[in-house]
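Below is one structure; the comments refer to it alone.
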Amino acid sequence: MSLNRTRHLMLVSILPLGLLLASFLPNTIVTTAANAITAEEMLANPQLEERARNLSKQLRCLVCQNQSIDDSDADLARDLRREVRSQIAAGDSDDAIIDQLRQKYGDYVLLNPPLDPATMFLWLAPFAFIMLGGVIVLVARRQRGIEDVNELDASERAKIEKLLASRNDRDEPKT
């Protein structure tokens, strides 16, 4: 097996690990958009506004890619922020607001979906990719070892046998 192919296999096996580590980064680091909340959207009560901001950071923009509604400039995200703020102003709890949005949009609206049978693949896929990468590395190493043994051609074998024979002649006591 060539060195380039081994490097390629190592890179392919390390890539899933990198993706897994990147998935653990907080969403605020991964996303680059500034907070999209306008002054008109904000609640007058700072405590209620803080609750709204915390909830908005947990909810996915349904038209953006991996952005919270807190970070998104999309019209749908703005509508969801308004809906969250109106429910907070009405006295609903955070759990009730999230449950209502989950019923309306499904688990997709959550940036961190719950661990259940429907989302099991999302949670276990990174570990499966890491295991697959490990298997690829092991198979590549095993094949490399086998190819190393089989790389001797007839002339090389003859040289080795000649060297071994001359060594045996030196080691035998002279009579």
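Computation of the quantities below employed the complete heavy-atom set of this structure, encompassing side-chain atoms and omitting hydrogens, waters and symmetry-equivalent molecules.
- Atoms CZ and CG, on Arg85 and Leu48 in that order, are 10.5 Å from each other to the nearest 0.5 Å.
- For Ala74 against Val63, the heavy-atom pair with the smallest separation is CB-CG2, 3.4 Å.
- For the residue pair Ser68 and Ser56, the shortest heavy atom distance occurs at CB-O, 3.5 Å.
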Could you pull out every donor-acceptor pair under 3.5 Å between side chains of residues 117-129 and any protein atom, sequence neighbours left out?
from: Thr119; atom 1: OG1; to: Pro114; atom 2: O; distance (Å): 2.3
from: Thr119; atom 1: OG1; to: Asp116; atom 2: N; distance (Å): 3.1
from: Thr119; atom 1: OG1; to: Asp116; atom 2: O; distance (Å): 3.3
from: Thr119; atom 1: OG1; to: Asp116; atom 2: OD1; distance (Å): 3.1
from: Trp123; atom 1: NE1; to: Pro113; atom 2: O; distance (Å): 3.2

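- Taking the side chain as every heavy atom from C-beta outward, Glu49 and Ile88 never approach each other to under 4.5 Å.
- Between the CG atom in Leu43 and the OG atom in Ser86 there is a gap of 9.0 Å [rounded to 0.5 Å].
- Atoms NZ and CG, from Lys159 and Asp153 in turn, are 8.5 Å apart once rounded to the nearest 0.5 Å.
- Using a 4.0 Å cut-off between a side-chain N of Lys or Arg and a carboxylate O of Asp or Glu, Glu41 and Arg82 do not qualify as a salt bridge.
- Once rounded to the nearest 0.5 Å, the distance linking SG of Cys61 with CG of Leu76 reads 6.0 Å.
- Counting non-hydrogen atoms of neighbouring residues, nucleotides and ligands closer than 6.0 angstrom, the CD atom of Gln100 exceeds 12 such neighbours.
- Between Arg81 and Met42 there is no side-chain heavy-atom pair separated by less than 4.5 Å.
- Within 6.0 Å of CD in Gln47 there are 12 or fewer heavy atoms belonging to other residues, nucleotides or ligands.
- A salt bridge is absent between Glu83 and Arg78; no separation between the charged side-chain nitrogens and carboxylate oxygens falls under 4.0 Å.
- Side chains of Leu152 and Arg157 form a contact here, defined as non-hydrogen atoms less than 4.5 Å apart.
- Arg60 places none of its side-chain heavy atoms less than 4.5 Å from the side chain of Gln67.
- Between the side chains of Ser166 and Asp169, no donor-acceptor pair of N or O atoms lies under 3.5 Å.
- The shortest side-chain heavy-atom distance between Ile69 and Leu62 does not fall under the 4.5 Å cut-off.
- Using a 4.5 Å heavy-atom threshold, the side chains of Asp70 and Leu59 count as separate.
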Listing, residues 89-98 side-chain donor-acceptor contacts under 3.5 Å, not counting sequence neighbours, or none:
from: Ser93; atom 1: OG; to: Ala96; atom 2: N; distance (Å): 3.1
from: Asp94; atom 1: OD1; to: Arg51; atom 2: NE; distance (Å): 2.8
from: Asp94; atom 1: OD1; to: Arg51; atom 2: NH2; distance (Å): 2.7

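- If you chain together hydrophobic residues whose side chains sit under 4.5 Å apart, Tyr105 and Leu111 never meet in one group.
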